[in-house]
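Keep in mind it's a predicted model, so treat the numbers as computed, not measured.
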Amino acid sequence: MRRQAGFFPRVYDLVARIPRGRVATYGQIARMLGAPRSARIVGWAMHGNPHGRHMPCHRVIQQGGSCSPNYRVGDPGAQRRLLEREGVRFLLDGRVDMQAHQWQPGPEVPRRRRGE
DNA sequence: CAGCTGACAATAA
DNA sequence: GTTATTGCCAGCT
């Protein structure tokens, strides 16, 4: 069905829905789209994001909580500053506190955990 | 025109 | 338990 709509548009739409002060992982987004194996495509969508600043790609991070190593946006650490500026807490490990900031899809979609 | 690479994650061994 | 490979869509060479 919506798979015809293309994968990127869906990624952009979902990422754009990430609330301020919250973060999501590539795998999480891919999983929401019904493609748990397309995590790379999510990242690739960011690489070619035609939306630019309207695309909070800085809110999209690795599953471990670290920022994308290849995140090129001018100067290193920019992503971290953007997140901190939104109220995201960073651990001393240089990772985002996923437990506290990993984005969860509204209360309407409680859990998409496999097998439940 | 066709093939390879690419901001990751999950499954298999 | 860890390490290696596969899967995916689109853009670029």
Side-chain angles (χ1 to χ4, degrees):
Chain A
M1 238 358 172
R2 290 190 171 84
R3 304 203 127 137
Q4 300 177 353
F7 204 90
F8 279 42
R10 278 188 272 162
V11 175
Y12 298 139
D13 184 56
L14 194 61
V15 173
R17 286 175 201 187
I18 300 175
R20 177 167 160 289
R22 207 117 281 175
V23 295
T25 66
Y26 296 101
Q28 187 179 353
I29 294 166
R31 203 191 258 160
M32 288 174 181
L33 296 172
R37 302 292 178 6
S38 305
R40 342 181 37 172
I41 318 306
V42 177
W44 196 241
M46 305 276 103
H47 199 159
N49 63 313
H51 302 279
R53 60 181 182 181
H54 286 279
M55 180 60 41
C57 44
H58 59 268
R59 289 181 190 155
V60 187
I61 58 182
Q62 299 244 39
Q63 195 177 53
S66 8
C67 310
S68 304
N70 281 8
Y71 191 90
R72 313 170 185 183
V73 278
D75 47 294
Q79 185 177 20
R80 175 167 176 166
R81 283 196 298 257
L82 286 166
L83 292 173
E84 288 185 298
R85 180 174 149 209
E86 293 188 346
V88 175
R89 288 181 178 182
F90 274 75
L91 302 177
L92 298 180
D93 294 35
R95 295 198 260 199
V96 180
D97 192 348
M98 306 290 288
Q99 306 169 89
H101 293 292
Q102 184 165 32
W103 177 46
Q104 295 174 53
E108 305 304 310
V109 189
R111 32 197 144 231
R112 273 263 169 133
R113 308 281 178 167
R114 33 185 157 130
E116 207 187 302

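- Shown here is A:Arg89, whose CZ atom has no more than 12 heavy atoms of other residues, nucleotides or ligands within 6.0 Å.
- For the C1' atom pair drawn from B:dA7 and C:dT3, the interatomic distance equals 23 Å after rounding to whole Å.
- Between A:Leu82 atom CG and B:dA7 atom C1' there is a gap of 15 Å when expressed in whole angstrom units.
- Atom CZ of A:Arg59 and atom P of B:dA7 are 23 Å apart (whole Å).
- Without hydrogens or angle criteria, A:Gln63 side chain to A:Thr25 main chain gives no donor-acceptor distance under 3.5 Å.
- Between the OH atom of A:Tyr12 and the P atom of B:dA7 there is a distance of 14 Å, rounded to whole Å.
- With both ends at atom P, the span from B:dT5 to C:dT5 equals 15 Å, rounded to whole Å.
- For A:Gln63, a side-chain nitrogen or oxygen approaches OP1 or OP2 of B:dA10 to under 4.0 Å.
- Along DNA chain B, the nucleotide nearest to A:Ala39 and the one nearest to A:Trp44 differ in position, and the one closer to the 5' end is contacted by A:Trp44.
- The interatomic distance linking A:Leu14 (CG) with C:dC9 (C1') rounds to 16 Å, in whole Å.
- Of the candidate nucleotides B:dA10, B:dA9, B:dA7, B:dA9 has the atom lying nearest to any side-chain atom of A:Thr25.
- Each of A:Gln28 and A:Ile41 has a nearest nucleotide on DNA chain B; the 5'-most of these lies closest to A:Ile41.
- Annotation: of the two residues near DNA chain C, A:Pro36 and A:Gly48, the 5′-most nearest-nucleotide partner is A:Pro36.
- Atom CE of A:Met55 and atom P of B:dA7 are 18 Å apart (whole Å).
- Every pair passing side-chain hydrogen bond (donor to acceptor under 3.5 Å, both in side chains) that includes a residue from residues 14-23 of chain A is listed here, sequence neighbours excluded: A:Asp13-A:Arg17.
- Rounding to whole angstrom units, CZ of residue A:Arg37 and P of C:dT6 are separated by 13 Å.
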Sequence neighbours left out, cut at 3.5 Å: what donor-acceptor pairs do the side chains of residues 32-46 of chain A make with other protein atoms?
none

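- Rounded to whole angstrom, the span from the CZ atom of A:Phe7 across to the P atom of B:dG6 amounts to 20 Å.
- Between A:Gln62 and the phosphate of B:dA9, there is a side-chain N or O to OP1/OP2 separation shorter than 4.0 Å.
- Looking at A:Arg85, A:Arg80, A:Gln79, A:Glu86 one by one, the single match for side-chain hydrogen bond (donor to acceptor under 3.5 Å, both in side chains) with A:His58 turns out to be A:Glu86.
- For the pair A:Arg40 CZ and B:dA9 C1', the interatomic distance rounds to 10 Å; values are reported in whole Å.
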